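Following: one structure in structure tokens, then a few remarks.
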Amino acid sequence: MTAIASEPGSTYLTAESTIASWLLTKDHKRIALLFFASVTAFFFVGGFAAALIRLNLIEPAGTLLGPDLYNRMFTMHGIVMVWFFLIPSIPATLGNFLVPLMIGARDLAFPRLNLASWYVFNISGILALYFIIAGGNDTGWTFYAPYSTLFSNGHVIAAAVAVFVNGFSTIMTALNFVVTIHRLRAPGMTWFRLPLFIWGIYATSVVMLLATPVLAMTLLLIALEHGFGIGIFDPALGGDPLLFQHMFWFYSHPAVYIMILPAMGVASELIPCFARRPVFGYRGMAYAVMAIAIIGFFVWGHHMFTAGISLFSGIVFSFMSFVVAVPSAIKVFNWTATLHRGRISFDAPMLYALSFVGLFTIGGLTGLNLATLPIDIHVTDTYFVIAHFHYIMVGGTVSAFFGGLHYWWPKITGRLYPEMWARAAAILTFLGFNVTFFPQFILGYLGMPRRYYAYPPEFQVWNVLSSAGASILAIAYVMPLVYLGWSLLRGKQASANPWHATGLEWRTSSPPPEHNFPRTPVVTDAPYRYNPEDGSYVTQDGAANG
Amino acid sequence: MLIPYLIAWVVLIGLLGLSIFTAYLPLGHFHPLANFGIAVVQAAIVLAIFMRLKDPPAIKWVFAGAGFFWLLFLFGIGVIDYLTRAGFPS
Amino acid sequence: MASIRPEAQYATLEQQTETAQLGMWAFLATEVLFFGALIFGYYIYRIAYTDQFILAGHDAKLVLGSINTALLLTSSVTMVAAIELIKRNEARRAATALYLTALLGIAFLGVKGYEYLQDYYDHTVPVLDFVLKPHQQPPVELFWLFYFVATGLHALHLTIGIVAVLILAAHTRSGRYSAAYHSPIEVLGLYWSFVDVVWLFLFAAIYPIGRAG
């Protein structure tokens, strides 16, 4: 079977080059790049807010921003990072690019819907920029009633509308992925031959479809109450502010799984490739992502332990939160087992993947602390929680995102990035991340509340350490921007399969042609057929290379 | 060709009448359940017959059912708090 | 725009049309959760404030609500008739059935508008001159808040459906669809019947409340 070399012929990048051919494209690969531009822009908007927050927290009096501006800053940081960066990051960029390629299809099921999703995302982005520039919102990304509905004088409605519209983009993308994975798999691509990245995207998309509409309704009610006095959560009418929290967290807890499942999918692609071993327990991994997606809907009350729900329901939610940790743990065990006796190479994607596993594990374990009712009473609404979710979402998701970006960079751009710079960035990210966020576990445990612009002086040392770490992290995040950008102009040309990987995406040129494959592939093999003895491999369409 | 749909229509109108009728019965606390139950039956008829769920591909059942099934989680687990919380309604 | 040839990513036209329907089912699942979340809140309050909701329900217009239910159920039949007709290549009669469907939908909106007007005169519109009747407590307003948000959103979805039906009716009349290809009509039919399903649950929640003594 002949290897497919990359050729200077027509690729999806060169097929047409007018602006209209990009802005009106139906090609999932181009749409992925469009999304990549949008989410990167918002990453820096959210990052800018984070920078100001960390600068403010260098000294206890918090005079840099002051109370009101600080509230608006962490609200902006949360809203932008959650909805305009984390949720779309891997699915709308890597997912859009790779789903059809990995399953052997020529595009997604609904290409125009895909493009529309990008436009809707940008409309929501403009609305978000509007509410930020107009002065922001001080309710926190969680929009709790009755503050958001009755008392806040920030731009609550604009923020709620921005997120509401953003939700449509999420739903459109998710719908496309679910239907595509069901219907457009190449011959021989059975469910249990799908790459785990596809399982991750599939599980994520199911969660997106089922959870996001509840957020839409919740925010709609908030906007109606804030703007028109439609007081569904108003205690004066007998309304229950906790009803808001039940509805909000019914979405927002699954939302965190939306943010981590794609990252897990990326890790499951990278680790087998760079350990040159099949993933340990493929079926367990597939079942585990689905289990996380489903059980993740049962645990939302663990955000409300101290809000006033009954003790009995607290116990139920605590129990379910322990249960949901099990499939995640299984995945960590299986990634580790995949490494065992592997032929490991420490290229940048692997460094990011290993980072992911370690940091996700720490974040996940501290989730168990939080799920324990008596401990939660002590650490809820403190920096312990902040450290917990940043370990998962930044240490986890962002690491995996960068790992995937580097891994698939040759496929997407046809260029190789400079490996040494990438490894340096990966290591710097890991170090900077831990210096930023580990002190926050300590701060939380010592009692520093979250969302406070000022703090008692005894917390200063840890805060300064955290802010110093943030500056290292900032450098580590800017570095890829520089050297990846450089590689577009001066990087070496990539072959079709520079990593000697087994997925179908590596069986076409780098970059791929417009319709992905010259001929529809026929799948004959399971994924990850790597041999650690000599590093050889068999691709999913049966080609034995190397 | 329209016969099955017309029969379904008659049944649905009949159930509508039943729902109105139950409003005048002294069902006490079972009122919401009775009316909701009738709505469930009506919805099932619309889904199966008018929306042709019976026809292939079978995966449609999963898509159709998923939303309703998921609502069971929201209702079922959410209501635990309301049934056991002392402070609401105040 | 696919006429008789499927798009590049599909092997056959049948695969494409079945996939389009599956896509609509996926979208409808999101709508179930959208309205379901609202109805969840409604039933929580209804259980908590049973007596007040019964008092509030006295002013719900059962006759108008029932007429509306019948209108929508009938429109589902005309919608399905349109699909059956186009499957037999009877484009003109299919278009007529579609226009009838839209008409029934517009009739629904007309009745609803009239009902809203009556609600206004009865002082049961929150924020706009809302007045509690004797024996009524503030939770009565919660009933009416749900009523307007739920039926308002439903009416919005119905309006979108009506516009789509009218557009497709015009296209059908001009011969764009045939037995060989009429996927958009089938897909719209799913949406239309689903809007019907939502109404069935809203009707059950709102109208047959507490008229027993």
Side-chain angles (χ1 to χ4, degrees), chain A residues 26-28 100 105-113 167-168 170-172 174-180 182-184 187 205-206 208-218 220-221 224-225 228-240 242-244 246-247 250-251 514-516 520, chain C residues 1-2 6-12 14-46 48-49 52-53 125-128 130 132 137-150 152-153 156 187:
Chain A
K26 291 193 302 205
D27 183 348
H28 66 99
R106 310 193 100 193
D107 207 311
L108 291 176
F110 308 120
R112 286 178 215 85
L113 189 68
F168 279 108
T170 305
I171 287 174
M172 289 156 100
L175 192 153
N176 227 335
F177 286 154
V178 169
V179 175
T180 300
H182 270 275
R183 301 283 296 176
L184 297 186
S205 300
V206 169
M208 284 173 165
L209 283 176
L210 295 171
T212 312
V214 177
L215 175 76
M217 178 54 72
T218 311
L220 178 66
L221 293 176
L224 288 176
E225 190 168 338
F228 303 104
I230 312 257
I232 285 184
F233 305 117
D234 187 353
L237 299 179
D240 182 23
L242 281 187
L243 179 65
F244 167 82
H246 277 297
M247 291 172 71
F250 183 82
Y251 160 81
E514 199 179 343
H515 287 298
N516 297 345
T520 302
Chain C
M1 192 64 140
E7 292 181 12
Q9 67 274 20
Y10 292 106
T12 65
E14 190 193 3
Q15 185 193 25
Q16 180 175 317
T17 55
E18 278 188 359
T19 304
Q21 289 193 37
L22 209 57
M24 177 51 78
W25 278 109
F27 172 68
L28 295 179
T30 68
E31 293 277 50
V32 168
L33 279 142
F34 182 66
F35 280 98
L38 186 64
I39 294 174
F40 162 71
Y42 171 83
Y43 275 107
I44 293 291
Y45 285 147
R46 175 141 172 207
Y49 301 116
Q52 290 301 314
F53 270 47
V125 182
V127 178
L128 288 178
F130 185 84
L132 288 173
Q137 306 273 347
V140 161
E141 195 171 351
L142 287 175
F143 172 87
W144 289 104
L145 289 173
F146 275 100
Y147 166 79
F148 279 102
V149 173
L153 282 171
L156 178 64
V187 167

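Remember, predicted model here, so these are calculated numbers, not experimental data.
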Exercise. Pairs in or reaching into residues 34-44 of chain C: which pass salt bridge (charged side-chain N to carboxylate O under 4.0 Å, His left out), with residues at least two apart or in two chains?
Worked result: none
Problem set entry | Contacting moiety of A/Ile230, where chain C heavy atoms sit under 4.5 Å | both
Exercise. Of the backbone (N, CA, C, O) and the side chain (C-beta and beyond), which part of A/Ile171 lies under 4.5 Å from a heavy atom of chain C, both, or neither?
Worked result: side chain
Problem set entry | chain C contact via A/Asp240 - which portion, at a heavy-atom distance below 4.5 Å | both
Exercise. Tell me, side chain or backbone of A/Val214 under 4.5 Å from chain C's heavy atoms, or both, or neither?
Worked result: both
For this session: Please name all residues satisfying side-chain contact (heavy atoms from CB on, under 4.5 Å) with A/Arg183, sequence neighbours left out, ordered by chain then number.
Result: A/Val179, B/Pro57, C/Gln15, C/Glu18, C/Thr19, C/Leu22
Problem set entry | Distance in Å, C/Glu7 CD paired with C/Gln16 CD, rounded so as to fall on 0.5 Å steps | 4.5 Å
Problem set entry | Winner by heavy-atom pair count (cut-off under 4.5 Å) against chain A, out of C/Leu145, C/Val140, C/Val127 | C/Leu145
Exercise. Rounded to the nearest 0.5 Å, how far does CH2 of C/Trp144 lie from CZ of C/Phe130?
Worked result: 8.0 Å
Exercise. By a 4.5 Å heavy-atom criterion (distance strictly below it), what part of A/Ala105 contacts chain C: side chain, backbone, both, or neither?
Worked result: neither
For this session: Specify whether C/Tyr49 and C/Phe53 have parallel, tilted or perpendicular ring planes, treating 30° as the upper limit for parallel and 60° as the lower limit for perpendicular.
Result: parallel
Exercise. Hey, does the side chain of A/Asp107 reach the backbone of A/Pro100 with a donor-acceptor pair shorter than 3.5 angstrom?
Worked result: no
For this session: State the CG-CG distance between C/Leu38 and A/Leu220, to the nearest 0.5 angstrom.
Result: 8.5 Å
Exercise. Do you know which of C/Gln52, C/Glu31, C/Glu141 has the most heavy-atom pairs under 4.5 Å to chain A?
Worked result: C/Glu141
Problem set entry | chain A contacts, top residue of C/Ala29, C/Ala37, C/Pro126, C/Gly36 (heavy-atom pairs, under 4.5 Å) | C/Ala37
Problem set entry | Engaged part of C/Phe40 at the chain A interface, taking heavy atoms whose separation is under 4.5 Å | side chain
Seminar exercise, completed: In terms of heavy-atom pairs under 4.5 Å with chain C, the winner among A/Ile232, A/Leu209, A/Leu184 is A/Ile232
Exercise. Parallel, tilted or perpendicular: which fits the ring planes of C/Tyr42 and C/Phe143, with parallel below 30° and perpendicular above 60°?
Worked result: tilted
Problem set entry | Atom group of C/Phe27 that falls short of 4.5 Å from chain A, counting heavy atoms | both
Exercise. Does a sphere of radius 6.0 Å around CZ in A/Phe228 hold more than 12 heavy atoms from other residues, nucleotides or ligands, not counting ones at 6.0 Å or beyond?
Worked result: no
Exercise. Among A/Gly229, A/Ala211, A/Gly231, which has the most heavy-atom pairs under 4.5 Å with chain C?
Worked result: A/Gly231
For this session: Check each atom of A/Leu113 against the heavy atoms of chain C and say whether the ones under 4.5 Å are side chain, backbone, both or neither.
Result: neither
Exercise. Between A/Ala236 and chain C, which part of the residue has a heavy atom less than 4.5 Å away: side chain, backbone, both or neither?
Worked result: backbone
